[in-house]
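Just so it is clear, the structure is predicted and the values come from calculations on it, not from any experiment.
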Amino acid sequence: GTDLRVAARHATLGLAEVKRAIMAAGGGTTRMARQLPHAIAMEVLLTGDPIGADDALRHGLVNRVVDAADVLDEALALAARIAANGPLAVQAIKRTVRESDGVPIDEAFGIEARAGHALSRTEDAVEGPRAFVEKRPPVYKGR
């Protein structure tokens with residue numbers, strides 16, 4: 001699966017396998033059911049009918065809907081915003097979200113606390129607040 005999605009206005013998203021008497025494999029059914037509200041996911045999965053980009057945005061399946069000509073530029077701009085952040089923090093957040101998915105909340109808090117503690121001991125975690133106080137852009141080194 002992808003963490004962020006930019007869709008063209010004309011895009012449709014769905015899994016049509018049920019129309020051929022088969023089911024989406026490779027995680028499609030599971031991901032759809034986890035990423036959309038239950039009733040919406042079941043409609044898409046059981047009818048095989050796609051949803052349009054605007055509905056996908058409204059239901060949180062995509063982050064942005066833009067003109068087709070702007071999809072790559074919008075995706076690259078979003079990626080640049082992420083890349084400007086501390087790389088170790090970005091990696092820790094991705095890992096923490098993945099590891100805490102589906103676990104009891106107390107366990108998820110523990111996963112988050114351990115990741116935050118490990119991150120706090122990095123050079124980048126010193127650089128970020130220092131750059132803020134000094135009113136300058138941070139220079140992250142991934143250490």
Side-chain angles (χ1 to χ4, degrees), residues 1-19 23-143:
T2 58
D3 293 324
L4 305 168
R5 300 176 190 108
V6 177
R9 290 191 199 291
H10 71 277
T12 59
L13 297 97
L15 298 168
E17 285 85 349
V18 70
K19 291 179 181 270
M23 66 179 282
T29 303
T30 302
R31 285 189 183 102
M32 186 76 69
R34 290 180 181 199
Q35 294 178 6
L36 285 171
H38 179 78
I40 303 302
M42 293 307 289
E43 182 177 348
V44 170
L45 292 168
L46 296 174
T47 66
D49 296 338
I51 60 173
D54 288 332
D55 283 338
L57 178 65
R58 186 165 47 90
H59 294 302
L61 190 58
V62 300
N63 297 79
R64 311 257 192 297
V65 173
V66 299
D67 291 335
D70 298 327
V71 170
L72 182 58
D73 288 342
E74 186 69 23
L76 290 172
L78 190 55
R81 289 176 47 210
I82 294 166
N85 295 323
L88 297 177
V90 170
Q91 292 167 13
I93 290 168
K94 285 179 57 85
R95 188 174 48 254
T96 297
V97 168
R98 227 180 14 257
E99 289 176 6
S100 62
D101 185 31
V103 303
I105 194 77
D106 291 346
E107 188 177 334
F109 287 156
I111 293 168
E112 179 182 40
R114 286 187 295 280
H117 179 71
L119 190 62
S120 72
R121 297 188 314 253
T122 66
E123 290 178 30
D124 284 355
V126 173
E127 169 62 9
R130 178 180 294 145
F132 177 78
V133 169
E134 295 174 0
K135 297 182 180 6
R136 62 172 174 81
V139 178
Y140 297 120
K141 297 179 181 172
R143 296 185 275 197

Is the closest side-chain heavy-atom distance between [X] and [Y] below 4.5 Å?
X: Val133; Y: Arg130; result: no
X: Glu99; Y: Arg114; result: no
X: Leu61; Y: Ile51; result: yes
X: Val97; Y: Asp3; result: no

Looking only at heavy atoms, which two atoms of [X] and [Y] are closest? And how far apart?
X: Pro50; Y: Thr12; result: CB-CB, 3.8 Å
X: Leu36; Y: His59; result: CD2-CB, 3.6 Å
X: Gly128; Y: Pro138; result: CA-CB, 4.5 Å
X: Ala92; Y: Leu119; result: CB-CD2, 4.4 Å
X: Asp101; Y: Arg34; result: OD2-NH1, 3.5 Å
X: Leu4; Y: Asn63; result: CA-OD1, 3.3 Å

Give, for atom [atom1] of [X] and atom [atom2] of [Y], the distance between the pair rounded to the nearest 0.5 Å.
X: Ile93; Y: Arg98; atom1: CD1; atom2: CZ; result: 12.5 Å
X: Leu13; Y: Leu57; atom1: CG; atom2: CG; result: 11.0 Å
X: Lys94; Y: Thr96; atom1: NZ; atom2: OG1; result: 11.5 Å
X: Asp67; Y: His10; atom1: CG; atom2: NE2; result: 10.5 Å
X: Met42; Y: Thr47; atom1: CE; atom2: OG1; result: 10.5 Å

- Apply side chain to side chain contact (heavy atoms under 4.5 Å, CB included) to Leu45 and Leu15, showing your working. CA-CA 6 Å; Leu45 292 168; Leu15 298 168; 3.6 Å; yes
Please check this pair: side chain of [X] against backbone of [Y], looking for a donor-acceptor N/O pair closer than 3.5 Å.
X: Ser120; Y: His117; value: yes
X: Asp49; Y: Val44; value: no
X: Arg31; Y: Gly26; value: yes
X: Glu127; Y: Tyr140; value: no
X: Thr29; Y: Ala24; value: yes

[X], [atom1]: over 12 other non-hydrogen atoms inside 6.0 angstrom:
X: Arg136; atom1: CZ; result: yes
X: Glu17; atom1: CD; result: yes
X: Arg9; atom1: CZ; result: yes

- Presence of salt bridge, Asp124 and Lys141, under 4.0 angstrom: no
